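Scroll down for the structure; my scribbles are underneath it.
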Protein chains: 2
Amino acid sequence: MSQTVDRALSILPLLAEGPADLGQVADRLGVHKSTALRLLRTLHEHGLVHRQADQRYRLGARLFALAQEAVENLDIREIAHPYLVDLNEKCGHTVHLAVYEENEVLYIDKVESRYPVRMYSRIGKPVAITVAAVAKLILADLPEAERRALAEKLDYPMYTARSIPNAAAFLKELATVREQGWATDLGGHEESINCIAAPIRGADGRVVAAMSVSAPNVVVTAEELLTLLPLVRRTADAITREYSGSAPARDTPTSHGPARPVPGKP
Amino acid sequence: MSQTVDRALSILPLLAEGPADLGQVADRLGVHKSTALRLLRTLHEHGLVHRQADQRYRLGARLFALAQEAVENLDIREIAHPYLVDLNEKCGHTVHLAVYEENEVLYIDKVESRYPVRMYSRIGKPVAITVAAVAKLILADLPEAERRALAEKLDYPMYTARSIPNAAAFLKELATVREQGWATDLGGHEESINCIAAPIRGADGRVVAAMSVSAPNVVVTAEELLTLLPLVRRTADAITREYSGSAPARDTPTSHGPARPVPGKP
DNA sequence: TGAGTATGTTGCACGCTGTGCAACGCGCAT
DNA sequence: ATGCGCGTTGCACAGCGTGCAACATACTCA
């Protein structure tokens, strides 16, 4: 759209391949050397490009600083919330969002069920880490050493007969979850409540959060709940796309959702 | 230098602070909305900027990808070499460059002493990890858990009477080194050889390599060698600046060094 | 329900600003 | 010395970026 900026930005991926000198940059851009020089100078002033001792150019430190600052200011909760609401409006059940923090998995957002029967949970409260579906997803993505160490440290309370009893069983379950990319908790925390969950990932592919849909037996059976799995996974993927800032999100919330219809485009 | 590009790039740090809408961007740039729109569109096409569901803009994933790709293509050895040569020409002694890899510290570059008496070492060979000055610097920067685990695993051969004897002494030495930002090995590996070293850091401040100057007693005493410490540290800092791609390196190698004098500037 | 406001978007004419050219300085290899 | 390669500079032209005004749509009051 803007020729000058377009050319300047085209230099970045070019330099990402490795250092290059003025002539190479000009050639690959298809512009005169003097033009390339001015573009490089501008990039240099902004610290996006660094000039090394042999006069060649490469990407500069500012790029890292920007990326870091950006990732620190990303707020999953803010980004995910509209999607949670949207999902709730589609299926009616309770929707949770959870993250990992200091050996705990915490609920950081929740949209209440529209059915009269609700489940107990509170934002900010740690989840039942050994049985909750969201916890399984998040822990399954930890580096192996950390995962193993944590599993050994945990207590395994038998909330119900179907609770996970010990570290060995837990690690096995995590391996499965890691493999399949989603998780369930079928009566492992409270006898009558089932739960399905999917992971939300950052730009680097690491799991940064997990979301779940929970419903008591009296409303839907476990089997019926599982039919919602594709929807939950698609929603989590949409949040991932939005959070990681990759391609424009195709799977955007529906019309009554948060996405404001784009004006001027029929 | 280039107004358009300058404006476009000014958007990036602005968005790094957090998401912003078109009006805010236009205001802070001091340009008309339509201008800001075109700039944002161009940034968007290159993936540097992401448009979220609420229409606001924030930094995009391409930025992270670029930063990562850039850091992968950085070659310390290539960047450091001219500085090593330069240092060698200034002081005449053997200069080493070492990095950490899989529980070992390896020499990856070396410039031989100009004195007839040389010390034994080979590029690619692991260093005496418990006594070498470069090893101390690199290990001192490891995360505490990893550092402690490694120290416990190591053997502590008594090359000389002054070799570090055990894990406790080693960890204590590492703490000192970490504190002061440089390291020595005074006859800990070979009775008659002394060595001083300084760290080279990446853009994130972590130690990525270390360089050292080594000389036998018969050439210079330990005291005399230590007078070179400021020079070694300054050189390491200059490499750090160049490697991490921060501000233009002031402490560039001298005229006979690798830096090609800039033509056209009197 | 209606006018009022805020925001994103488009088309257009002006003229600033980016462009390529040619020439120069400088180091390096022959 | 001479030619070659590379980065750099000044300049004249016009291409391209700019701001303006008008439009579209969504939201918010009365």
Side-chain angles (χ1 to χ4, degrees), chain A residues 1-11 14-15 19-46 49-58 82 85 248-249 252-266, chain B residues 1-11 14-15 19-46 49-58 82 86 248-249 252-266:
Chain A
M1 274 276 152
S2 168
Q3 189 189 62
T4 317
V5 178
D6 185 51
R7 285 173 170 172
L9 297 184
S10 300
I11 294 178
L14 195 153
L15 291 185
D21 61 31
L22 179 61
Q24 294 168 346
V25 172
D27 279 353
R28 293 198 48 180
L29 277 187
V31 300
H32 197 270
K33 279 186 306 176
S34 61
T35 303
L37 180 64
R38 236 165 327 103
L39 297 178
L40 281 166
R41 280 230 247 263
T42 310
L43 289 167
H44 183 75
E45 276 174 16
H46 285 258
V49 151
H50 176 73
R51 192 149 202 201
Q52 39 187 31
D54 61 359
Q55 300 260 83
R56 291 189 302 167
Y57 296 91
R58 60 178 180 81
V85 171
T252 200
T254 49
S255 55
H256 52 273
R260 197 161 106 191
V262 181
K265 281 194 180 174
Chain B
M1 274 275 157
S2 167
Q3 190 189 62
T4 317
V5 178
D6 186 52
R7 285 173 169 172
L9 297 183
S10 300
I11 294 179
L14 195 153
L15 290 185
D21 62 29
L22 179 61
Q24 294 168 344
V25 172
D27 281 352
R28 293 197 48 180
L29 276 187
V31 300
H32 196 271
K33 278 187 305 175
S34 60
T35 303
L37 180 65
R38 242 165 323 103
L39 297 178
L40 281 166
R41 280 230 247 263
T42 310
L43 289 168
H44 182 75
E45 277 174 16
H46 285 258
V49 151
H50 177 71
R51 192 150 202 200
Q52 43 187 30
D54 61 359
Q55 301 259 80
R56 292 189 301 168
Y57 296 90
R58 61 178 179 79
D86 191 61
T252 200
T254 50
S255 56
H256 52 273
R260 194 160 109 191
V262 181
K265 280 195 178 174

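Numbers restart at 1 for each chain; the letters A, B, ... are given by sequence-line order, proteins then strands. As the structure is a prediction and not an experimental result, all values here were calculated from the model.
- For A:Y57 and D:dC6, the OH to C1' distance is 11 Å, given to the nearest whole Å.
- If you take CG of A:D54 and P of C:dG27, they are 17 Å apart, rounded to a whole angstrom.
- Nearest-nucleotide assignment on DNA chain D puts the 5′-proximal partner with A:L22, out of B:A36 and A:L22.
- From one end of the helix from C:dT1-D:dA30 to C:dT30-D:dA1 to the other, with five pairs defining each end axis, the axis direction shifts by 40° (rounded to 10°).
- Considering only heavy atoms from C-beta on, A:R41 stays 4.5 Å or farther from B:S2 through its side chain.
- Here the side chain of B:H44 pairs a donor or acceptor atom with the backbone of B:V49 at under 3.5 angstrom.
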> Where along nucleotides 11-18 of chain C does protein come under 4.0 Å, by heavy atom, of base (B) or sugar-phosphate alone (S), with - for untouched nucleotides?
Replying inline: ------SS
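- With B:E45 contributing its side chain and B:T42 its backbone, the two residues share no donor-acceptor pair below 3.5 Å.
- Of the candidates A:L15, A:L22, A:D21, A:D21 is the only one forming a side-chain contact (heavy atoms from CB on, under 4.5 Å) with A:R56.
- Side-chain proximity of A:V31 to the nucleotides D:dT9, D:dT8, C:dG20 is greatest for C:dG20.
- For the pair A:D27 CG and C:dG20 C1', the computed distance is 15 Å after rounding to whole Å.
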> Which is it for B:V25 and B:L37 under the side chain to side chain contact (heavy atoms under 4.5 Å, CB included) test, yes or no, and what are the steps along the way?
Replying inline: CA-CA 9 Å; B:V25 172; B:L37 180 65; over 6 Å; no
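- Of the listed nucleotides (D:dA21, D:dT8, C:dG8), D:dA21 has the atom at the smallest distance from the side chain of B:H32.
- OP1 or OP2 of C:dT10 sits under 4.0 Å from a side-chain N or O of B:R41.
- By the 4.5 Å heavy-atom criterion applied to side chains, A:L9 and B:L9 are counted as neighbours.
- A donor N or O paired with an acceptor N or O is not found under 3.5 Å between the base of C:dG20 and the side-chain atoms of A:K33.
- In plain terms, the two heavy atoms of A:R28 and A:L14 that are nearest each other are CB-CD1, 3.5 Å.
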